[in-house]
Participant: 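Handing you this structure, nothing more for now.
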Protein chains: 2
Amino acid sequence: MKKSNITDLAKHLNLAPSTISRALAGHKDISEITKTRVKEAADFFNYVPNLHARYFRKKNSNLIALILPDVNNFFIPELIRGINDVFNKTDYSIITFFSKDNFLIEKEIINYCISWMVEGVLLSVSDETKDLKHLDILVQSNIPVVLLDKVFPSSDHSLVHIDDSKTAFNATNFLISKGCKNILGIFGKPDVQMVQDRMAGFKNALYQSNLEFSNEQNILTNPNLENFEYKLTSLLESKQYDGCFIMSDELAFLAYPILVDKALFPNKIHLITISDGQVIGALRPKIPYIYHSGFNIGTRSAEVLLEHLENKEMKASDEVLETVLVR
Amino acid sequence: MKKSNITDLAKHLNLAPSTISRALAGHKDISEITKTRVKEAADFFNYVPNLHARYFRKKNSNLIALILPDVNNFFIPELIRGINDVFNKTDYSIITFFSKDNFLIEKEIINYCISWMVEGVLLSVSDETKDLKHLDILVQSNIPVVLLDKVFPSSDHSLVHIDDSKTAFNATNFLISKGCKNILGIFGKPDVQMVQDRMAGFKNALYQSNLEFSNEQNILTNPNLENFEYKLTSLLESKQYDGCFIMSDELAFLAYPILVDKALFPNKIHLITISDGQVIGALRPKIPYIYHSGFNIGTRSAEVLLEHLENKEMKASDEVLETVLVR
DNA sequence: ATGAAAGCGCTAACAG
DNA sequence: CTGTTAGCGCTTTCAT
């Protein structure tokens, strides 16, 4: 079945293509009667606009690019839900890309965004990303970018994130307030900015309470799935920890069963994690956590991007969302 | 900074636009020397193709539509990961839509797909969808559709799913094999096809083992977040269940803390669920589950769609993935 | 091996 | 209120 286009409708109704276009767009100086006729014909002939033609001509795209390192089962789904909640109320569609935490892929995706004429970019940078130079091309093309969650200081791009250092600091102090003296911190890849920030907050809390600290004894970093159990088990057997700060949901879900199986949690060791709270709340016994909402990060970053789209002159903002202890 | 296009490059190099186009596309009857010159110039002038112009002209889009009811923290992220794993190796981009389990929205999205000239559709139907008539327009436009996970029998569209009835049957039999005599089944909305299928499998297993059954005593359906705890608690207090089949991860994560808090699990009641295994594996004590992999459903459906794209004449297939008990 | 020319479907001046 | 016209950037046929 051949698809009908504006020209077809124009011929059927003895009108000019431009009139059809304007009628369908609800342009105000087309008579109501014509609008009705055109819309009925469009319905009858199953007319659907060709968006490539439209956006090609109009030099826009109604597309927002969402660039994420990957999908997980915790924070990212909530983030996606928040972003969609905001953009579903608009005409924008979302085109999603995954960098697989690979900087070169991230860079390619950025170019792809230009090719798609996306109107805005929501970016959570890859673990490998060390600066934001690869975003210059977006700035030059006047495409607003909002960095979310994993961010770098920037005067060119708006940021929506939490205070990672402070959040980790508060989490660690929760353990200290419980009387913990030997606290283990479990972190991700140590060369990632966010990990360094959270680690700094963790160390700072220990330092301020005059607690002993050594990298070997108090920090477990960059555990990959294969040797995580081994490394954590070794550490737990080497020393009697009474507290454990876990940087994220992923790591918490790796550590939790080990700590329970070794009968350490909940009786011998206090836990705390930074979590988006979606699934961790079902664990029994409960793990206290600092609530870091993917949904809120998502909605706020989407809203900030919308503001940039509505006002191209708006300058970059830096929004730091609050986190709160849940126990 | 003005973006350069093929015409600009043509002028700079004293070549025709068509030559530039062919050189960039690696067309074989352009000399190597010209190709090199063109590519260097493209690099130098930061040329990026205008995909709307290209796809408008070529009447395709390199877009795949992924239509999902919603995001959750269990099955859907794995599904997305699987789909992206497959399409990342191709030139296709994925444009994601969420129907919010609303049939009318799903229908609108389908039309939107036509407007975007998407080349294929991956669809997990909404809870409200009762038939597939709204997909006729895709068939007429010769756009292949793969239905995933939540499917309806169809000769027009390929299906990738599990045998819901059989899976629930096997799960229930696992409980029976543990000696359970009073088994509670927890299900989603009873008007949804998949729920009915899983319920049929559940009932059938009870029936074949001559176990007592009543809708009021053995089935909890359509629990929404507000009154789930109340309804489940009432049921658990009305009767001494020794087994509980839970239809999905979402429901398992709602029921689990209640069953643990009431000291029923793991000592007084056996559990089983159908799960994609991603986060449920961290629960202690463990819940046995029938592994229903979102990742596999995702990769298989993406592969099937790719086959349809490569061979437009291919007829619809029905792929039923196996499920396996994990304990 | 390269060029000339047409046209995809749509919208936005401009004209009346 | 409606029509005429041009052209967005690209690819492809046809010609050389």
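Chain A is the first sequence line, chain B the second, and so forth, proteins listed ahead of strands; every chain is numbered from 1.
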Participant: What is the distance from OH of A/Tyr55 to P of C/dA12, rounded to the nearest Å?
Facilitator: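 So the OH-P distance, A/Tyr55 to C/dA12, works out to 12 Å.
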Participant: In residues 141-154 of chain B, what donor-acceptor pairs under 3.5 Å come from side-chain atoms, sequence neighbours left out?
Facilitator:
unit_1: B/Ser141; atom_1: OG; unit_2: B/Ile137; atom_2: O; d: 2.8
unit_1: B/Asp149; atom_1: OD1; unit_2: B/His292; atom_2: NE2; d: 3.3
unit_1: B/Lys150; atom_1: NZ; unit_2: B/Asp127; atom_2: OD1; d: 2.8
unit_1: B/Ser154; atom_1: OG; unit_2: B/Asp156; atom_2: N; d: 3.0
unit_1: B/Ser154; atom_1: OG; unit_2: B/His157; atom_2: N; d: 3.0

Participant: Could you state the atom-to-atom distance from CZ of A/Arg37 to P of D/dC1 in whole Å?
Facilitator: 15 Å
Participant: In whole Å, what is the span from the CD1 atom of A/Ile30 to the P atom of C/dA12?
Facilitator: 13 Å
Participant: For B/Leu15 and C/dA4, what is the distance between atoms CG and C1' respectively, to the nearest whole Å?
Facilitator: 14 Å
Participant: Please confirm whether B/Trp116 and A/Tyr55 have ring centers closer than 6.0 angstrom.
Facilitator: yes
Participant: Looking only at side-chain atoms of A/Lys59, point me to the closest of D/dT2, D/dC8, C/dG9.
Facilitator: D/dC8
Participant: When we call it a touch if two heavy atoms are under 4.0 Å apart, what does A/Asn60 touch: a base, just sugar-phosphate, or nothing?
Facilitator: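 Since no nucleic acid heavy atom lies under 4.0 Å of A/Asn60, the category is nothing.
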Participant: Rounding to a whole Å, what distance do you find between A/Arg57:CZ and C/dT11:P?
Facilitator: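 My rounded result for the distance is 9 Å.
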Participant: Counting heavy atoms from C-beta on, name the nucleotide in D/dG9, D/dT2, C/dC10 closest to the side chain of A/Arg22.
Facilitator: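 Side chain of A/Arg22 sits closest to D/dT2.
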Participant: How would you label the contact of B/Ser31 with the nucleic acid (heavy atoms, under 4.0 Å): base, sugar-phosphate, or nothing?
Facilitator: sugar-phosphate
Participant: So, is A/Thr34 close to the D/dT2 phosphate, meaning a side-chain N or O under 4.0 Å from OP1 or OP2?
Facilitator: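 Answer yes for this pair, as a side-chain N or O of A/Thr34 is under 4.0 Å from OP1 or OP2.
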Participant: What's the closest nucleotide to the B/Ser18 side chain, out of C/dA5, D/dC8, C/dC10?
Facilitator: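 Nearest to the side chain of B/Ser18 among the choices is C/dA5.
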Participant: In this structure, how many angstroms lie between the C1' atom of C/dG9 and the CG atom of A/Leu51, rounded?
Facilitator: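 That distance rounds to 11 Å.
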Participant: Report yes if at least one side-chain N or O of A/Thr7 is closer than 4.0 Å to OP1 or OP2 of C/dG9; otherwise report no.
Facilitator: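 False: A/Thr7 side-chain N/O out of range (4.0 Å or more) of C/dG9 OP1/OP2.
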Participant: Does the gap between the ring centers of B/Phe44 and B/His12 come in under 6.0 Å?
Facilitator: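 Centroid separation for B/Phe44 and B/His12: 6.0 Å or greater.
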Participant: Could you please name the option among D/dT11, C/dA13, C/dA1 that lies closest to any side-chain atom of B/Lys58?
Facilitator: D/dT11
Participant: Nearest to the A/Asn5 side chain among C/dC14, C/dC10, D/dT13, which nucleotide is it?
Facilitator: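 My answer, after comparing the listed nucleotides, is C/dC10.
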Participant: Can you check the A/Leu13 CG to D/dC1 C1' distance for me, whole Å?
Facilitator: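 For the pair A/Leu13 CG and D/dC1 C1', the rounded distance is 16 Å.
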Participant: Count the heavy atoms of every other residue, nucleotide or ligand shown that sit under 6.0 Å from NZ of B/Lys35, and state whether that count exceeds 12.
Facilitator: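 More than 12 within 6.0 Å, yes.
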Participant: Could you state the atom-to-atom distance from NE2 of A/His52 to C1' of D/dG9 in whole Å?
Facilitator: 14 Å
Participant: Can A/Phe56 be classed as stacking with the base of C/dC10, given a centroid separation cut-off of 5.5 Å and a plane angle cut-off of 30°?
Facilitator: no
Participant: Can a side chain N or O of A/Ser21 be found less than 4.0 Å away from OP1 or OP2 on C/dT11?
Facilitator: yes
Participant: For the pair B/Asp131 (side chain) and B/Lys133 (backbone), establish whether a donor and an acceptor sit closer than 3.5 Å, ignoring hydrogens and angles.
Facilitator: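 Yes: the side chain of B/Asp131 pairs with the backbone of B/Lys133.
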